[in-house]
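Shown next, in structure tokens, is the structure this report addresses.
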Amino acid sequence: MTDFDYFCEMLRTHNRIVFFGGAGVSTESDIPDFRGTDGLYTKKTNLPWTPEEMLSHHFYVEHPVEFFTLYKEREGIMLKAKPNRAHYALVELEKQGKLSAIVTQNIDGLHQKAGSRNVFELHGSILRNICQICGHIVGMEEFISLSNPIPYCPFCHKGILKPDVVLYEEALNTAVIDGAVDAIRRADMLIVGGTSLVVYPAAGFIRYFRGDASVIINKDVTPQDDFCDLVFRNSIGAILEEGVKRISQ
Ligand SMILES: [Zn+2]
């Protein structure tokens with residue numbers, strides 16, 4: 001039995017699968033990982049700040065013009081992106097009653113765009129923006145139409161909107177954490193895709209897994225490889241799409 005046969009067998013015999021995804025899922029939709037070596041922000045920008053600093057809470061407060069200039073550039077790339085084979089395979093698994101939840105570190109909303117329902121977005125979503133004074137929520141289309149580069153609240157006209165994404169220095173949303181941990185704890189199979197599991201909080205979350213089938217699909221080696229039943233270095237979309245096709249035959 002090949003590793004791929006074994007993977008398909010796992011998919012067939014498990015019904016509470018959780019998919020834990022990182023940046024690698026989105027790079028297959030041509031959204032660059034800014035942490036990666038060929039990432040967008042490692043290119044020379046001539047700015048005195050690192051991308052991590054520019055996407056931090058204090059930077060949003062102190063340098064809103066530069067923050068939104070960078071944020072909107074990144075957001076534009078995400079809005080143009082389309083769900084890929086990985087997203088659609090997960091939709092199919094959920095429809096078949098096999099997948100109980102997706103836990104993602106991505107903020108691009110592509111799982112929902114593809115049609116997935118139970119998605120825990122650990123780092124929030126670019127699709128929502130919140131006024132920092134009155135709490136008014138602004139959707140994506142309206143947000144884009146607001147004055148450049150600093151988007152003021154269209155309701156109170158005083159507050160600056162903040163994307164509902166977790167910036168550096170900010171805490172994760174506790175309700176989202178609780179939901180994600182609960183889903184992982186109750187999962188019988190865990191598929192980790194597109195994350196090296198070294199950056200907080202990914203490594204911490206998978207500790208809660210108590211099931212008997214674990215799979216990592218990632219281009220690079222991860223510290224968890226030795227503890228998993230299967231490791232694939234292939235494209236996440238290719239493995240998931242083929243796997244779903246096989247069990248649906
Ligand atoms: Zn407001």
Side-chain angles (χ1 to χ4, degrees), residues 21-23 25-27 29-35 39-43 45-83 87 102-180 199-201:
V25 176
S26 297
T27 54
S29 284
D30 295 325
I31 297 172
D33 177 10
F34 73 81
R35 286 203 186 92
L40 187 65
Y41 302 125
T42 50
K43 287 179 190 163
T45 55
N46 285 325
L47 293 171
W49 308 287
T50 64
E52 282 82 0
E53 195 176 357
M54 291 185 77
L55 293 174
S56 68
H57 185 82
H58 84 266
F59 198 86
Y60 160 80
V61 173
E62 291 164 18
H63 304 273
V65 172
E66 289 86 354
F67 174 88
F68 280 108
T69 303
L70 177 65
Y71 178 78
K72 289 199 167 186
E73 181 189 321
R74 178 116 183 115
E75 179 192 51
I77 294 170
M78 290 185 195
L79 287 176
K80 267 189 240 146
K82 294 190 173 68
H87 298 104
I102 292 169
V103 179
T104 182
Q105 297 173 277
N106 300 323
I107 58 173
D108 47 48
L110 287 180
H111 287 294
Q112 290 90 335
K113 210 187 249 183
S116 286
R117 289 170 173 275
N118 200 26
V119 184
F120 296 99
E121 298 171 300
L122 295 178
H123 294 167
S125 169
I126 61 164
L127 302 182
R128 300 176 298 268
N129 303 273
I130 303 165
C131 173
Q132 297 300 283
I133 288 183
C134 76
H136 183 70
I137 296 174
V138 173
M140 177 51 65
E141 277 177 31
E142 191 178 5
F143 180 73
I144 293 169
S145 73
L146 293 169
S147 59
N148 248 329
I150 300 178
Y152 282 93
C153 174
F155 188 72
C156 72
H157 304 287
K158 286 184 193 132
I160 295 176
L161 298 174
K162 188 184 150 313
D164 190 18
V165 301
V166 179
L167 300 175
Y168 290 94
E169 300 160 353
E170 290 180 339
L172 304 189
N173 179 304
T174 42
V176 177
I177 295 177
D178 290 348
V199 181
Y200 176 85

**Request:** Identify the two heavy atoms, one from His87 and one from Ser29, that lie closest to each other, and give their separation to 0.1 Å.
**Result:**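 Minimum heavy-atom contact is CE1-OG, 3.7 Å.
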Working to the nearest 0.5 angstrom, can you tell me the gap between [X] [atom1] and [Y] [atom2]?
| X | Y | atom1 | atom2 | answer |
| --- | --- | --- | --- | --- |
| Ile107 | Arg128 | CD1 | CZ | 10.5 Å |
| Asp164 | Lys162 | CG | NZ | 6.5 Å |
| Met78 | Ser125 | CE | OG | 9.5 Å |
| Glu53 | His58 | CD | NE2 | 4.5 Å |
| Lys82 | Asp30 | NZ | CG | 10.0 Å |
| Tyr168 | His123 | OH | NE2 | 8.5 Å |

Give every donor-acceptor pair under 3.5 Å between a side-chain atom in residues 151-158 and any protein atom, sequence neighbours left out.
| residue | atom | partner | partner atom | Å |
| --- | --- | --- | --- | --- |
| His157 | NE2 | Pro154 | O | 3.3 |

Within the side chain of [X], is there an N or O that forms a donor-acceptor pair under 3.5 Å with the backbone of [Y]?
| X | Y | answer |
| --- | --- | --- |
| Asn106 | Asp108 | no |
| Thr104 | Glu121 | no |
| Gln132 | Ile130 | yes |
| Lys113 | Ala81 | yes |
| His57 | Leu167 | no |

**Asked** With a cut-off of 6.0 Å (strictly less than), are more than 12 heavy atoms of other residues, nucleotides or ligands near CD of Glu141?
**Response** no
**Any side-chain heavy-atom pair of Phe68 and Pro163 under 4.5 Å** = yes
**Message:** A side-chain contact here means heavy atoms from C-beta on lying under 4.5 Å apart; do Arg74 and Ile31 qualify?
**Reply:** yes
**Request:** Verify the ring-centre separation between Phe67 and Tyr60: is it less than 6.0 angstrom?
**Result:**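 That pair passes the under 6.0 Å test.
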**Message:** Go through it in stages, so that I can follow the logic: the residues are Val103 and Leu122, the test is side chain to side chain contact (heavy atoms under 4.5 Å, CB included), and I'd like the CA-CA distance, side-chain angles, deciding distance and then a yes or no.
**Reply:** CA-CA 7 Å; Val103 179; Leu122 295 178; 3.8 Å; yes
**Prompt:** Hey, mind stepping through Asn129 and Leu146 against side chain to side chain contact (heavy atoms under 4.5 Å, CB included) and telling me if it holds?
**Reply:** CA-CA 12 Å; Asn129 303 273; Leu146 293 169; over 6 Å; no
**Item:** Trace of the side chain to side chain contact (heavy atoms under 4.5 Å, CB included) decision for Asn173 with Val166
**Value:** CA-CA 8 Å; Asn173 179 304; Val166 179; 5.9 Å; no
**Asked** Relative to the ring of Trp49, is the ring of Phe59 parallel (under 30°), tilted (30 to 60°) or perpendicular (over 60°)?
**Response**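 Rings of Phe59 and Trp49: perpendicular, over 60°.
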**Request:** Just jot down the ring-ring contact (aromatic ring centres under 6.0 Å, His included) partners of Phe120, sequence neighbours excluded, or say none.
**Result:** none
